[in-house]
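Numbering of ligands and ligand atoms starts at 1, following listing order.
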Amino acid sequence: MNLRSATAADISLLMELERACPTAAHWTERQYRQAVGGGSDSSERLVLVAEVSPPAVSAAERGRDSGYGILGFLVARHLTPEWELENVVVAPAARRGGLGRQLLGALLAAASETDSEAVFLEVRESNTAARKLYERVGFEQTGRRKSYYTSPLEDAILYRRNVGPSGFS
Ligand SMILES: CC(C)(COP(=O)(O)OP(=O)(O)OC[C@H]1O[C@@H](n2cnc3c(N)ncnc32)[C@H](O)[C@@H]1OP(=O)(O)O)[C@@H](O)C(=O)NCCC(=O)NCCS
């Protein structure tokens with residue numbers, strides 16, 4: 001699996017993947033364009049895509065979820081001295097293969113390289129898969145925001161992971 005920074009050419013596929021995942025955070029095209037370099041705050045964002053190398057997968061397989069080999073992505077914002085994980089999405093057919101963990105590992109490595117103290121995030125209470133993933137890579141629950149999400153109304157659970165000099169372990 002290859003991890004690389006997203007470009008503007010990836011945006012339609014990222015949106016397609018995100019729209020197919022109801023529990024993912026949903027952004028407008030304009031927000032994605034700003035995040036990958038078209039906006040004033042692009043330097044504060046990390047947008048990573050995970051893709052299979054072209055020879056490793058058939059065209060039919062590439063088209064199954066998001067097309068063109070992109071099987072997941074992550075968006076995070078650098079708010080010195082911390083990072084906020086804003087979204088992490090893995091295509092349904094590629095789940096439970098370690099890709100979410102790999103994407104979070106790359107974020108923690110980036111946080112370590114920028115001398116950051118911690119990564120924090122919030123997630124719907126009912127999002128078991130995401131919460132298990134965060135706990136698996138060392139995030140700890142730090143709080144709750146009552147009725148934070150709408151449609152449906154739900155609490156947000158807050159998580160945080162300190163970033164040591166060695167980053168992800
Ligand atoms: C959350 C998500 C990114 C996880 O991606 P993934 O590639 O399947 O995660 P991984 O394979 O790296 O899983 C790592 C660990 O997380 C935990 N985990 C992941 N999915 C799980 C699930 N459905 N149930 C229980 N534990 C789960 C496990 O401990 C797993 O390790 P294991 O497979 O060795 O047991 C994926 O389910 C997804 O895209 N969900 C929809 C989008 C979303 O809700 N994103 C978060 C909102 S911001």
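Considering backbone and side-chain N/O of Arg101, one or more are found under 3.5 Å from N/O of ligand 1. Checking only distances, Cys21 never comes within under 3.5 Å of ligand 1, N or O to N or O.
Put simply, CD on Glu84 and CG on Leu46 are 13.0 Å apart, with the number rounded to the nearest 0.5 Å. In this structure, the separation between CG on Leu3 and CZ on Phe73 is 13.5 Å, given to the nearest 0.5 Å. Here the CZ-CG distance, from Arg4 to Asn2, works out to 7.5 Å after rounding to the nearest 0.5 Å. Separation of atoms OH (Tyr134) and CD (Glu122) is listed at 10.0 Å; rounding is to 0.5 Å. The CD atom of Glu117 sits 14.5 Å away from atom CZ of Arg161, with the distance rounded to the nearest 0.5 Å.
The shortest contact between atom 14 (C) of ligand 1 and any protein heavy atom is with Leu133 CD1, 3.6 Å. The nearest heavy-atom contact from the protein to atom 34 (O) of ligand 1 is Arg136 NH2, 3.5 Å. Taking atom 39 (O) of ligand 1 as the reference point, the nearest protein heavy-atom neighbour is Val90 N, 2.8 Å. At the shortest separation from atom 43 (C) of ligand 1 among protein heavy atoms lies Thr23 OG1, 3.4 Å. Closest protein heavy atom to atom 26 (N) of ligand 1: Lys132 CB, 3.3 Å. Of all protein heavy atoms, the one closest to atom 23 (N) of ligand 1 is Ala129 CB, 3.4 Å. Looking only at protein heavy atoms, the nearest one to atom 38 (C) of ligand 1 is Arg95 NE, 3.4 Å.
Within ligand 1, counting atoms from 1 as listed, the ones closer than 4.0 Å to a heavy atom of Gly97 are 11 (O). When each atom of ligand 1 is checked for a heavy atom of Val89 under 4.0 Å away, the hits are 39 (O). Counting the atoms of ligand 1 from 1 in the order shown, those under 4.0 Å from a heavy atom of Tyr134 are 46 (C), 48 (S). Of all atoms in ligand 1, listed by their number and element, those nearer than 4.0 Å to a heavy atom of Asn87 are 48 (S). Contact atoms of ligand 1 toward Ala130: 1 (C), 46 (C) (distance under 4.0 Å to a heavy atom of the residue).
Under 4.0 Å from ligand 1, the heavy atoms of Asn127 that appear belong solely to its side chain. Contact annotation: for Arg96 versus ligand 1, heavy atoms closer than 4.0 Å belong to both the backbone and the side chain. Under 4.0 angstrom from ligand 1, there are no non-hydrogen atoms of Phe73.
Compare Ala24, Gly72, Gly100 by their heavy atoms: the one nearest to atom 7 (O) of ligand 1 is in Gly100.
Contact check on Arg77 versus Glu44 returns no salt bridge, with no Lys/Arg side-chain nitrogen under 4.0 Å from an Asp/Glu carboxylate oxygen.
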Would Val137 and Arg101 count as a side chain to side chain contact (heavy atoms under 4.5 Å, CB included) here? Give the steps. CA-CA 7 Å; Val137 300; Arg101 196 160 176 262; 3.6 Å; yes

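Ring orientation note: the planes of Trp27 and Tyr32 are tilted relative to one another, at an angle of 30° to 60°.
Within the structure, ligand 1 lacks Thr128 among the residues with a heavy atom less than 4.0 angstrom away. Contact annotation: Gly98 has at least one heavy atom less than 4.0 Å from an atom of ligand 1.
Closest of all the heavy-atom pairs between Trp83 and Ala110 is NE1-O, 4.4 Å. Between Asn162 and Ala118, the closest heavy-atom pair is OD1-CB, 3.9 Å.
Heavy atoms from other residues, nucleotides or ligands lying under 6.0 Å from CD of Gln141 number more than 12.
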